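The shown structure was predicted, so the numbers you read here are calculated from the model rather than taken from an experiment. Every number for a ligand or one of its atoms is a count from 1 in the order of the listing.
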Amino acid sequence: MSKPAVILPGATLGVMGGGQLGRMFVHAAQAMGYNTAVLDPDVNSPAGLVSHDHVQTSYLDEAGLKALAAQCAAITTEFENVPAQALDALAQTRPVAPAGASVAICQDRAREKAHFVACGVPCAPHALIETPEQLAAVSDDLLPGILKTARMGYDGKGQIRVKTRAELVAAWDELQRVGCVLEKMLPLAYEVSVLVARGRDGQVVHFPLQQNLHRDGILAVTTVPAPSVSAEVSAQAYESAHQIASSMGYVGVLCVEFFVQQDGRIVANEMAPRPHNSGHHTIDACDVSQFELQVRAMTGLPLVEPQLHSPCHMLNLLGDLWFPAGSATQQEPDWASVLALPGTHLHLYGKTEARKGRKMGHLTVTAPTAALARDIALKAAAVLGIDPF
Ligand code: ATP
Ligand code: MG
């Protein structure tokens with residue numbers, strides 16, 4: 001087969017899903033001179049609001065998929081739970097990156113873990129629970145553990161921590177007895193993630209490792225360079241992420257999350273077939289962003305090894321911040337005081353209704369040194385009512 005042609009600026013790029021990741025993808029594509037089309041059912045979707053075109057249908061709507069394919073030279077996804085068959089349908093007439101087959105692996109924790117194991121990448125001891133027999137056969141070694149739905153989980157949703165067998169049985173009932181994975185609770189020292197981009201020609205590049213602090217199962221703070229990480233841990237994480245992407249024949253940006261245990265051993269937690277919340281700092285702190293690399297990978301433009309030009313902290317801005325000190329009515333946070341601090345970059349996603357736990361935006365703080373970035377990020381956090389880290 002002849003090599004597919006590079007898709008040049010001026011063409012239209014499509015994205016399945018209209019959330020904030022799609023919005024930042026659209027911004028990057030437009031900055032490079034591409035037109036964009038977003039498919040998302042929500043009339044007010046963050047990406048739909050800024051895209052040239054917005055196909056407003058469900059992900060499996062045949063007419064919607066046709067309308068998207070008709071105008072796009074290539075299509076990507078920003079939403080991990082887009083049905084893989086929608087991507088497969090688009091792929092019949094257009095290049096789609098990542099492919100439905102890769103996304104399908106990432107959508108299912110059991111398949112995802114099997115892929116890690118097949119790549120020789122360690123993950124947490126776990127068991128698949130789809131039947132009462134499998135539930136009864138679970139080894140005591142996996143307790144205390146976390147029961148996670150195999151599909152559709154995010155931001156700690158669809159997860160229940162269990163200490164005993166009785167709690168495990170009750171938790172599976174609570175999760176409606178859907179297919180689950182029980183994972184052993186590991187003693188974590190800290191969490192990191194790696195973003196890689198793989199091109200159509202198999203070239204793989206990666207961003208410097210991120211260190212991530214989660215609160216209530218939701219990413220709260222990302223720090224780069226990762227302060228706790230040894231050269232050995234980062235080399236292992238890069239090598240694992242490269243292997244995980246290459247062995248799927250993956251095209252596009254992929255994020256792999258890792259746990260580093262108290263004894264220093266590293267295990268893969270999960271992966272996302274798209275740019276990731278832990279990579280938002282790349283817009284302001286790197287010479288090429290994760291969203292630009294997604295554009296380059298899907299169009300066949302060259303990938304370059306991204307460089308971090310500024311130490312940084314990224315703070316997630318959750319809807320909770322719009323309700324200070326238990327206030328019942330929604331109030332806009334004090335952006336002017338935050339932006340008075342040097343090196344602050346505010347990103348809001350155009351969501352009008354703030355809800356607890358809803359990702360409304362993020363703030364990246366860049367500075368000449370890591371210590372200064374942290375100092376300013378802590379000041380911004382204090383203004384916004386984010387707990388210190
Ligand atoms: P995401 O929004 O990243 O997709 P998720 O809902 O899929 O999140 P996980 O990444 O599986 O959830 O878990 C959320 C957080 O819970 C992890 O970042 C980690 O802090 C904690 N956690 C998950 N699994 C374990 C484990 N086996 N041992 C210890 N802590 C864990
Ligand atoms: Mg996670």
Side-chain angles (χ1 to χ4, degrees), residues 17 19-21 77-82 103 105-113 115-117 121-129 138-139 141-163 167-168 171 175 178-195 209-223 226 228 237 241 244 253-280 290 314 316 318-319 356-360 362 387 389:
Q20 60 266 19
L21 295 162
T77 178
E78 63 102 45
F79 175 52
E80 178 167 344
N81 288 317
V82 163
V103 174
I105 295 174
C106 303
Q107 282 174 347
D108 185 319
R109 282 188 197 278
R111 290 190 65 189
E112 183 173 71
K113 285 192 159 46
H115 183 72
F116 293 154
V117 172
V121 175
C123 56
H126 62 278
L128 183 59
I129 298 178
V138 158
S139 153
D141 288 350
L142 294 179
L143 295 171
I146 307 186
L147 187 67
K148 304 180 177 182
T149 58
R151 304 179 68 85
M152 300 301 254
Y154 70 99
D155 288 349
K157 292 186 174 70
Q159 301 198 1
I160 301 177
R161 295 181 177 213
V162 293
K163 288 200 198 71
E167 284 181 12
L168 173 62
L175 295 173
V178 295
C180 282
V181 170
L182 174 68
E183 256 178 63
K184 187 179 173 70
M185 181 73 92
L186 299 175
L188 307 189
Y190 55 93
E191 300 183 49
V192 296
S193 57
V194 171
L195 284 154
L209 200 87
Q210 295 98 225
Q211 188 160 328
N212 302 319
L213 171 68
H214 291 82
R215 286 177 173 156
D216 299 325
I218 307 179
L219 180 64
V221 182
T222 292
T223 306
S228 313
I244 287 164
V253 170
L254 174 80
C255 181
V256 186
E257 294 180 52
F258 296 92
F259 297 146
V260 183
Q261 300 179 76
Q262 282 163 13
D263 62 8
R265 279 184 302 159
I266 172 171
V267 299
N269 171 30
E270 59 172 358
M271 57 180 169
R274 49 169 173 76
H276 191 257
N277 194 171
S278 66
H280 288 355
Q290 60 171 347
M314 188 283 307
N316 257 348
L318 300 182
K356 205 173 148 37
R358 188 174 199 205
K359 290 174 180 168
M360 301 294 287
H362 70 270
D387 286 341
F389 38 85

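Taking CE of Met314 as the reference point, atom CG of Leu219 lies at 4.5 Å (rounded to 0.5 Å). With rounding to the nearest 0.5 Å, the separation of CD1 in Ile160 from CG in Leu168 is 10.0 Å. Between the CD1 atom in Ile244 and the CD atom in Glu112 there is a gap of 9.0 Å [rounded to 0.5 Å].
In this structure, His126 has no heavy atom closer than 4.0 Å to ligand 1.
Heavy-atom contacts of Ile146 reach the following atoms of ligand 1: 22 (N), 23 (C), 24 (N), 25 (C), 26 (C), 31 (C) (cutoff under 4.0 Å). Residue-ligand proximity, Asn269 to ligand 1, at heavy-atom distances under 4.0 Å covers atoms 9 (P), 10 (O), 11 (O). Set against the non-hydrogen atoms of Arg161, the atoms of ligand 1 under 4.0 Å away are 16 (O), 21 (C). Using a 4.0 Å cut-off to heavy atoms of His214, the atoms of ligand 1 that qualify are 18 (O).
Counting heavy atoms from C-beta outward, Glu80 and Val103 have side chains that stay 4.5 Å or more apart.
The minimum heavy-atom distance linking Val121 with Ala268 is given by the pair CG1-CB, 3.7 Å. Nearest approach of Ala127 to Val138, heavy atoms of both residues: CB-CG2, 4.4 Å.
Of the listed residues (Glu191, Arg215, Lys359, Glu257), the one carrying the non-hydrogen atom nearest atom 17 (C) of ligand 1 is Glu191. Heavy-atom proximity to atom 13 (O) of ligand 1, evaluated over Gln159, Arg109, His276, is greatest for Gln159.
At a 4.0 Å heavy-atom cut-off, ligand 1 does not touch Asn277 at all. Within the 4.0 Å heavy-atom criterion, the part of Leu188 lying near ligand 1 is the side chain and not the backbone. At a 4.0 Å heavy-atom cut-off, ligand 1 touches Met185 through backbone and side chain alike.
With no hydrogens or angles considered, no side-chain donor-acceptor pair links Thr223 and Gln211 at under 3.5 Å.
Under a 3.5 Å cut-off, the side chain of Gln290 and the backbone N or O of Leu195 do not form any donor-acceptor pair.
Not one N or O of Phe259 is nearer than 3.5 Å to an N or O of ligand 1, by distance alone.
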